Amino acid sequence: MKLLSIAELETLAKQPREICVSIFLPTCHAGMDTQQNPIRFKNLIREAEEHLIEHGWRSEDAKNLLEPVRQLDEYEFWQHQSNGLAVFRSQDFFQYYTLPIDFAELVSVSNHFYLKPLFPLFQSDGHFYILALSHNLIRLLEGTHHHIEEIDLTGLLPSLEEVLRFEEPERQTPSHTGTPGATGGRRAASGGATVFHGHGAGDEDEKENLSIYFHRVNEALQELLKAEHAPLVLAGVEYLLPIYREANTYPYLVDTGITGNPELLSPEELHAQAWEIVEPLFLQAQQDAINQYRELLGTGKASSQITETIPAACQGRVDKLIVALGQQQWGTFDSDTQTVQVHPDAEPNDEELLDFAATQTILNGGIVYAVESAKMPDDTPLAAVFRY
């Protein structure tokens, strides 16, 4: 399972304006309840067909459009689920994601994909990274509150041996080639991992070599995480962490790290320790955004008005957006005149405006906090803080 990226969200958001079917299903991935997954999935497909017919499609055409979705319903498919299944289908597009989010059951048939249930992956609901450092192995893990998964770094990171091969021989710490597995998931050129003698914190040559290597690791991660705002937690024996911090340029590196040899910890154990570190940060960031909104309201730098916020989001002016997960607001946005029409009920060719505002905010580098209605700062479906 791979978490949804900003690039993939952008692909979904920029699909041609045609009939788009979005299906969200909360899935059980353990125990007898897993038997309910295919039954509920069939019901949602049937509901999607009914919505297509309401939009003027012939019954046979609706069935044909959803046939690739129907073909997912196989035993093997249901053995690889997480907390939620998201399916997106249009005439020229089909994609699905198994994600660590507890979706509510939902079917949307509109002229665009419905994306708001995905936004917790891009905000304070717990999206973070762990960089596990050791001499023999570097691991990068990506997770949320409920899930952790290791990212395949094959081909992305050089080994320590490869980096130091270009340094002056007399400056290198003596080493031999072992077999525990290559740094970054890749074997060194000689066929094994580089294992260094003298791991003591007082070895200045080793510190210098590690500094050189960690600068290279940082460069690779900067490219990999360049569109991210997620916290990064370091895990490693205590003396490695300050060496990496000196090399780091990723702006969301967390001050507190996990100390100890991460090779002895499973992903689940790393996840548990990292969550204790990042959860207060997520809660504080959301509260800070709410406080900032309240302070700026009435100054022109904040708004709870959909008609003002949507043009600002499309122009890249929204820095932070707090949006209610359980609400929908229908209407249209005219990009030529930058005007919004709000309708009490969905009409043909309407946008779900909260979804649209949040998507545009994320695509333009802003941060979205998708929260339950009771946690909204005012009795409104959205609250925005503007960059200018």
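Everything quoted here is computed from the prediction, not taken from an experiment. Heavy-atom basis, side chains included; hydrogens, waters and symmetry copies ignored.
With sequence neighbours left out, the salt bridge (charged side-chain N to carboxylate O under 4.0 Å, His left out) criterion links Asp319 to Arg387. Listed by chain and number, the residues in a side chain to side chain contact (heavy atoms under 4.5 Å, CB included) with Glu67 are Arg70, Gln71 (sequence neighbours excluded). For Phe94, the ring-ring contact (aromatic ring centres under 6.0 Å, His included) criterion is met by no residue, not counting sequence neighbours. Residues forming a side chain to side chain donor-acceptor pair (under 3.5 Å) with Thr256 (at least two apart in sequence, or on another chain): none. For Pro16, the side chain to side chain contact (heavy atoms under 4.5 Å, CB included) partners two or more places apart in sequence, or in a different chain, are Glu18. Residues passing the side chain to side chain contact (heavy atoms under 4.5 Å, CB included) test with Ala324 are Gln327, Ser373, Met376, sequence neighbours excluded. Taking the side chain to side chain donor-acceptor pair (under 3.5 Å) definition, one finds that Lys63 meets it with Glu49, sequence neighbours left out. Residues meeting the ring-ring contact (aromatic ring centres under 6.0 Å, His included) test with Phe386, sequence neighbours left out: none. Listed by chain and residue number, Gln292 satisfy the side chain to side chain donor-acceptor pair (under 3.5 Å) test with Lys320 (two or more places apart in sequence, or in another chain). In this structure Asp288 satisfies the salt bridge (charged side-chain N to carboxylate O under 4.0 Å, His left out) test with no other residue, sequence neighbours excluded.
In this structure, Thr359 OG1 and Leu12 CG are separated by 9.5 Å, a value rounded to the nearest 0.5 Å. With rounding to the nearest 0.5 Å, the separation of CG in Leu9 from CG in Leu115 is 5.5 Å. Separating the CZ atom in Phe113 from the SG atom in Cys20 is a distance of 4.0 Å, to the nearest 0.5 Å. If you take CG on Leu157 and CG on Leu221, they are separated by 6.0 Å, rounding to the nearest 0.5 Å. Interatomic distance, CG of Leu133 versus CG of Leu240, reported as 6.5 Å (0.5 Å rounding). Put simply, CD1 on Ile148 and OH on Tyr129 are 10.5 Å apart, with the number rounded to the nearest 0.5 Å.
Thr249 and Asn218 share a side-chain donor-acceptor pair at under 3.5 Å. Between the side chains of Thr380 and Asp378, no donor-acceptor pair of N or O atoms lies under 3.5 Å. Inspection of the Ser110 and Ser108 side chains reveals no N or O donor paired with an N or O acceptor under 3.5 Å. Side chain to side chain, Asn43 and Arg46 meet the donor-acceptor criterion of an N or O pair below 3.5 Å. In the model, Gln315 has a side-chain atom that pairs as donor or acceptor with a side-chain atom of Gln338 under 3.5 Å.
Aromatic pair Tyr369/Tyr293: centroids not less than 6.0 angstrom apart.
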What pairs of donor and acceptor atoms, side-chain ones from residues 295-305 against any protein atom, are under 3.5 angstrom apart with sequence neighbours left out?
| from | atom 1 | to | atom 2 | distance (Å) |
| --- | --- | --- | --- | --- |
| Thr299 | OG1 | Leu296 | O | 2.5 |
| Thr299 | OG1 | Lys301 | N | 3.3 |
| Ser303 | OG | Gln305 | N | 3.0 |
| Ser303 | OG | Glu308 | OE1 | 2.8 |

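In this pair, Tyr244 and Phe214 present their aromatic rings perpendicular. The plane angle is above 60°, beyond the 30 to 60° band. Using bins of under 30°, 30° to 60° and over 60° for the plane-to-plane angle, the ring pair Phe88/Phe24 lands in the perpendicular bin. Ring geometry for Phe282 versus Trp275: interplanar angle of 30 to 60°, hence tilted.
Residues Leu281 and Val254 meet the side-chain proximity criterion, which asks for heavy atoms closer than 4.5 Å. Between Arg139 and Leu270, the closest side-chain pair of non-hydrogen atoms falls below 4.5 Å. The shortest side-chain heavy-atom distance between Trp78 and Thr27 falls under the 4.5 Å cut-off. Side-chain atoms of Val323 and Val368, non-hydrogen and from C-beta on, do get closer than 4.5 Å to each other. Side-chain contact between Val69 and Tyr96 is absent, with no heavy atoms from C-beta onward closer than 4.5 Å. Residues Pro311 and Val340 form a side-chain contact, since some pair of their non-hydrogen atoms from C-beta on lies under 4.5 Å apart. Annotation: side chain of Glu142 is not in contact with side chain of Leu140 (no heavy-atom distance under 4.5 Å). Contact of the Asp355 side chain with the His112 side chain is registered, since non-hydrogen atoms from C-beta on lie closer than 4.5 Å.
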Begin with the C-alpha distance, continue with both residues' side-chain angles, and end with the deciding distance and a verdict on side chain to side chain contact (heavy atoms under 4.5 Å, CB included) for Phe41 and Leu72. CA-CA 10 Å; Phe41 190 52; Leu72 293 177; 4.3 Å; yes
Check step by step if side chain to side chain contact (heavy atoms under 4.5 Å, CB included) holds for Val342 and Gln329. CA-CA 7 Å; Val342 181; Gln329 181 67 71; 3.0 Å; yes
Between Phe128 and Ile277, is a side chain to side chain contact (heavy atoms under 4.5 Å, CB included) present by the stated rule, with each step listed? CA-CA 11 Å; Phe128 65 96; Ile277 294 170; over 6 Å; no
Verify side chain to side chain contact (heavy atoms under 4.5 Å, CB included) between Leu321 and Phe119, making sure each step is shown before the conclusion. CA-CA 11 Å; Leu321 181 70; Phe119 295 152; over 6 Å; no
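Residue pairs meeting the ring-ring contact (aromatic ring centres under 6.0 Å, His included) criterion with at least one partner in residues 315-349, sequence neighbours excluded, are Phe333-Phe356.
Within 6.0 Å of CG on Asp379 lie no more than 12 heavy atoms contributed by other residues, nucleotides or ligands. Summarising the local packing, CZ of Phe103 is surrounded by more than 12 heavy atoms from other residues, nucleotides or ligands at distances under 6.0 Å.
With Thr361 contributing its side chain and Ala357 its backbone, the two residues share a donor-acceptor pair below 3.5 Å. A donor-acceptor pair under 3.5 Å is formed between the side chain of Glu352 and the backbone N or O of Leu354. Distance alone, capped at 3.5 Å, places no donor-acceptor pair between the His271 side chain and the Pro267 backbone. Between the Asn364 side chain and the Ala313 main chain, a donor and an acceptor come within less than 3.5 Å of each other. Side-chain atoms of Arg245 come within 3.5 Å of backbone N or O of Asp255 as a donor-acceptor pair.
When all heavy atoms of Pro262 and Gly236 are compared, the closest pair comes out as CD-CA, 3.7 Å.
Residues Leu325 and Ile322 are members of separate hydrophobic clusters, defined by side-chain heavy-atom contacts under 4.5 angstrom among Ile, Leu, Val, Met, Phe, Trp and Tyr. By the rule that hydrophobic residues join a cluster once side-chain heavy atoms approach within less than 4.5 Å of another member, Leu44 and Ile53 end up as members of separate clusters.
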